[in-house]
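Every heavy atom of this structure was used, including side-chain atoms; hydrogens, water molecules and symmetry mates were not. To find a chain, count down the sequence lines: A is the first, B the second, and so on, and within it residues start at 1.
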Amino acid sequence: MGRLLMSGTVDAECLMVDFAGLRLRNPVLAASGTFGYGLEMQSYVDLEKIGGFVAKSLTLEPRYGNSPPRIAEVSSGMLNSISLENVGVEAFIRQKLPEVPQEALVIASVFGTEIAHYVEACERLSSEDRVAAIEINASCPHVKSGGIEFGQNAQILGKLVGQVRSSTVGTLLVKLSPNVTDIAEMARVCEAEGADGISVINALQALDVDLKERRSVLWNGLGGLSGPAILPVALRMVWQCFQAVSIPICGIGGISSAEDALKFILCGAQAIQVGTANYLNPCSTEAIVGGLLDYCQENRVGSIQDLVGCLQPPRWKVS
Amino acid sequence: MGRLLMSGTVDAECLMVDFAGLRLRNPVLAASGTFGYGLEMQSYVDLEKIGGFVAKSLTLEPRYGNSPPRIAEVSSGMLNSISLENVGVEAFIRQKLPEVPQEALVIASVFGTEIAHYVEACERLSSEDRVAAIEINASCPHVKSGGIEFGQNAQILGKLVGQVRSSTVGTLLVKLSPNVTDIAEMARVCEAEGADGISVINALQALDVDLKERRSVLWNGLGGLSGPAILPVALRMVWQCFQAVSIPICGIGGISSAEDALKFILCGAQAIQVGTANYLNPCSTEAIVGGLLDYCQENRVGSIQDLVGCLQPPRWKVS
Amino acid sequence: MTSRPSRTCTVLSNESMGGGNFCLRLEISGEWARSSPGQFVMLSPVAPSQFCFSDPLLPRPMAIYRTDATSSGSGIVIDVAYKVVGRGTALMRAALPGSLMTVVGPLGQGFTKPGDGIGAVLIGGGTGIASLYEHARILSEHCRTVVLLGANTAEMILGRVDFEGLSLELHVATEDGSLGSHGLVTDLLPSTLEEMPCSHVYACGPTSMMREVAAIAARRRIPCDVSIENNMACGIGVCLGCAIPLGEGKGFALVCKDGPVFDCRTLGWEDC
Amino acid sequence: MTSRPSRTCTVLSNESMGGGNFCLRLEISGEWARSSPGQFVMLSPVAPSQFCFSDPLLPRPMAIYRTDATSSGSGIVIDVAYKVVGRGTALMRAALPGSLMTVVGPLGQGFTKPGDGIGAVLIGGGTGIASLYEHARILSEHCRTVVLLGANTAEMILGRVDFEGLSLELHVATEDGSLGSHGLVTDLLPSTLEEMPCSHVYACGPTSMMREVAAIAARRRIPCDVSIENNMACGIGVCLGCAIPLGEGKGFALVCKDGPVFDCRTLGWEDC
Ligand SMILES: Cc1cc2nc3c(=O)[nH]c(=O)nc-3n(C[C@H](O)[C@H](O)[C@H](O)COP(=O)(O)OP(=O)(O)OC[C@H]3O[C@@H](n4cnc5c(N)ncnc54)[C@H](O)[C@@H]3O)c2cc1C
Ligand SMILES: Cc1cc2nc3c(=O)[nH]c(=O)nc-3n(C[C@H](O)[C@H](O)[C@H](O)COP(=O)(O)OP(=O)(O)OC[C@H]3O[C@@H](n4cnc5c(N)ncnc54)[C@H](O)[C@@H]3O)c2cc1C
Ligand SMILES: Cc1cc2nc3c(=O)[nH]c(=O)nc-3n(C[C@H](O)[C@H](O)[C@H](O)COP(=O)(O)O)c2cc1C
Ligand SMILES: Cc1cc2nc3c(=O)[nH]c(=O)nc-3n(C[C@H](O)[C@H](O)[C@H](O)COP(=O)(O)O)c2cc1C
Ligand code: FES
Ligand code: FES
């Protein structure tokens, strides 16, 4: 796994960020599950202009997903239960990765229902030069604990991160589940077990009902809530993690504009990921890069990294 | 504290519900903090037409709240940090309660930063005839545990409920904090400690940033997210609690229409509370009662109680 | 009991007043309590249908600029003078004649009457001027009324032509000097108070302006009403979201219920 | 590389087509890939400004009913024929000429060409008819083309006048018998296939209708394309939300990328 150095005269220096051992052209990444394997987005986004993308989460073996309905719209958000559908690690490496333009930064995402599966997938992926980093999706039910997500139990999460760490050569990110009492505790566990960074947050567990059918709108029952509706919860969690750990944070949740991205950066995110907004406008990531550049120029920000965690204390602390 | 029997020839029988020892005219209550002490709403809502209302949470002593800004709008929701502002138990009993129309059902809400304060407030309130029930607001920071909410720790919550139970004569409801890994565990603790019912959910802990000021939009920093944005999370939690306990559930979170209310009922709520929607339209509660009546008539529902928990299993379980 | 339900209203017109200000003319059918100058409404730029209220979620407080009789005689017509500053006002701007909106009101405490009615000075800036027009109209029928209005440019002075149509003394200050005196409107106040007997000052505008007005009035011991703006959720005193500090240890007042008009001495200006 | 960015388009008109159907005429400036019949667009009834996309959140898939040249010659005009069923289409209905929308497309796989071109039958119901018009127009210039359209009432048959303007054989079925034959449009298919040589059947409408058409075509071993509808988030193959089952153990196809037009034999009809 290579640590890519992104360069190019057109890249604005003010947007460059160091993130968990990666040098990113800019802090705008696409979130897993919302950008396919990158290839599908090439008609809409110049992959060399954004910071990078996290590919759809991979399991060791290819998997089919859930039956329809898999998605539904709710107020300022959507529910999904795509579940495990993916081409599998091998096909990703053989068929997808070689097609991705050289200058695009690819982060592979991995999930499984057992720790051993995560480990094996990470081993395989971290031997690939084109994989700049691996993101562990911890919002996956841990089969042995009867459905609880890996990311919902500090002990299980610690074990997962520890074992994956030893099998991963390069940058290791852990994507946290927001369905927890204390996100900071989870962040600390990841740091302690050697993660290079954390991605905060995955979708919130949720449910909506089809009144006519008197049934969940999703085939699978529960689903994940994403989109603008979750932004204030995600911002809170990023801020809490930023207080708790010193490894870098990638902020995720409802980001659809440069303003949204800046809020996450101020709360402590070194980089951000755009998820649902890719569906609303497939050019979102590039548009956000443009918006950040405008902001830096208008506000004379020499390096966007200077803004990370610069949220002023609440008024009651100063007055 | 009297167990009121609501009656009246105009009341539609199909909407009557038994809820935690109360016989409600209909399942539509107003949520604490969104309906004042009831009196303020009389120009907009006929208090005798709705199921009842939960008054603004009370502490033993009157309290001022936070400095402005206290509220902010976000996508399909709002943040608030009103905090502890209330007239105190004594003033509520002396000045507010006597003014509330006889036929209106009043639920008092109580919070504090120490268990002893809760207990004393409940003792005082449960000696009042006009208080039909007491709702314990567990989304309050437990001072001794350094800011963690009572409702975020099963042990602390259990202790709180147990002690409040012994000092409360009538119906005792516990309003759960949604900022937890396992809402069902909290529901079970409440049931075990003798709560008559649970109210699910309070606002989600959240943050939004004022980009110009590079500061939280709220004076207090963090705030509570409410409104349509949280509905799918609330529905999920009500459903999870319904699987876990047999005491009745009052569903809360983003309800602004009869359709929303029905979703909660199908997920297992015996009654529901309308919060933020009271701000959007002060007549919301009455409008929702009307909508439920229409639904029952159009769908030949003899008693709305027949719908409680009647969500069909997800498709994958039947096929 | 339920005397002030929220109501559907119909947009009659929605036209530019110049300088980036617009006037929304709303017809409300049925009963509507008579409003007193300085009161406001909570306005949602959407019909109260089932799709209502998700965008923007909260209604927006807007002063009642002017009321009128309807052509049919029943109900009432309300003018709202506004400036587009964000999502809610952008949606108001997009509303076309015939479309429906939702309105709750009239709300809050309006301006008090001048004590002895010798003379009154009204001073307004920005969209705050919208709160003053009805008050100026009624006062001008009873006592000597001087109105001082300010804005960045001449064009941006909200409703100037309307004020010119009243029998009162109007003075204008613009920051670019394009009309009236060059500078801030508060600069006009001391000399005005010097020149006339005045039993009450009324102000509505940016906080910095009102603070200045309050200080000038206090020095001369003239009672002074200010109309305060704050973010609101409910507008009817139940969310406690619009609280403003009354000064060290004195707690808070609710802008929507106790105001928006306050005797300036009751407020904790240092925290506003 | 970025050849199909999302685009702002301008509403030229938005008129009733009768029977609760409407036609949104959109002008898209700049480059736009030529669409083939059966393709669709993802349409957001809001401008791509910063306020965009909170209500409704997701864009809505809509068939390209018809394309036209613009008056200026550059860019393209697209007609979308739609029915109001929920929030998104209600907002489309509310759009006035001159307002802006956001569109991504053309997307997906359109209809295949008939093998030997002896004759083709197109059968449509409800808003599904919108997917068929361009295909019918082009086919009718090359081979014998029979179009069967169905709806509850005569008025509700989407775009009937437009089809009548083409040189093809049009048969109509209404459930209330107000026009054409009394009953379901699928009842017309067997006799039509009996009477003419047909190398391809094309269907778009409710699932039950397409299932029936697929069965009839299969019995006669005539290739049959169906155009499938499903809820979509992205429309471009990245969310995996629009998957439909290909039959026991065969996994899923994406309606947006692999479809919306499918050879009916590839689908797992029992699960649709
Ligand atoms: C009693 C009262 C009467 C008012 N009368 C009028 C009037 O007649 N005409 C008029 O144009 N405006 C009036 N306002 C202000 C008006 O309510 C706000 O400008 C409006 O809510 C902005 O909504 P928005 O969605 O367009 O902007 P938002 O997106 O909500 O906000 C845009 C910006 O304006 C600020 N803002 C929002 N609401 C307020 C507020 N209430 N006070 C100050 N700043 C605010 C926000 O902090 C933000 O920076 C009045 C306010 C009050 C409290
Ligand atoms: C490829 C494709 C082409 C289409 N072309 C057209 C067209 O030309 N004209 C037209 O009127 N409609 C067309 N549709 C259907 C259209 O996309 C939906 O009717 C629309 O998304 C409904 O949006 P809404 O917000 O108004 O309703 P919603 O509030 O989203 O939904 C209202 C009801 O419609 C159902 N629904 C929503 N989307 C779909 C869907 N895609 N298929 C079936 N049911 C749905 C929902 O389950 C719900 O019961 C097409 C769909 C697809 C997939
Ligand atoms: C349809 C869909 C599929 C997703 N699939 C994945 C996935 O495979 N792996 C993962 O880590 N996150 C997945 N996510 C979560 C997103 O990456 C992101 O964390 C979440 O949606 C919150 O961000 P957003 O609000 O910007 O969408 C998915 C989200 C959606 C909406
Ligand atoms: C401004 C505001 C103040 C609130 N105050 C209280 C309170 O005092 N006690 C309480 O238990 N809940 C309080 N809540 C929470 C609501 O009762 C409700 O649980 C929450 O808002 C979710 O419901 P909703 O989405 O319908 O608003 C408050 C909510 C808001 C918005
Ligand atoms: S706006 Fe709700 S109390 Fe004033
Ligand atoms: S709609 Fe997203 S994959 Fe088809």
Once you round to the nearest 0.5 Å, how far does NZ of Lys250(D) lie from CG of Leu267(D)?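 Reported value, rounded in 0.5 Å steps: 10.0 Å.
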Distance, nearest 0.5 Å, that separates CE of Met92(D) from CE of Met101(D):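 If I round to the nearest 0.5 Å, the distance is 6.5 Å.
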Under 6.0 Å from the ring centre and within 45 degrees of the ring axis: does the NZ or CZ of Arg25(D) meet both conditions for the six-membered ring of Tyr65(D)?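 Verdict for Tyr65(D): no cation-pi partner in Arg25(D).
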Between Glu259(A) and Lys263(A), is there a salt bridge with N-O shorter than 4.0 Å?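 Salt bridge absent between Lys263(A) and Glu259(A).
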Using heavy-atom distances under 4.5 Å, tell me whether Thr34(A) contacts chain D through its side chain, its backbone, both, or neither.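 Backbone only.
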Under 4.5 Å from any heavy atom of chain D, what part of Ser81(A) do you find: side chain, backbone, both or neither?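 For Ser81(A), no heavy atom lies under 4.5 Å from chain D.
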Of all of Lys257(D), Arg60(D), Met232(D), which one pairs up most often with chain A through heavy atoms under 4.5 Å apart?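 Of Lys257(D), Arg60(D), Met232(D), Arg60(D) has the most heavy-atom pairs under 4.5 Å with chain A.
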Can any side-chain N or O of Gln109(D) pair as donor or acceptor with the backbone N or O of Gly259(D) at less than 3.5 Å?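 Pair absent, no side-chain N/O of Gln109(D) close to backbone of Gly259(D).
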Region of Met42(D) that comes under 4.5 Å of a non-hydrogen atom in chain A: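 The answer is neither part of Met42(D).
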Between Ile82(A), Thr276(A), Asn66(A), Asn278(A), which has the largest tally of heavy atom pairs under 4.5 Å with chain D?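 Greatest number of close heavy-atom pairs with chain D: Ile82(A).
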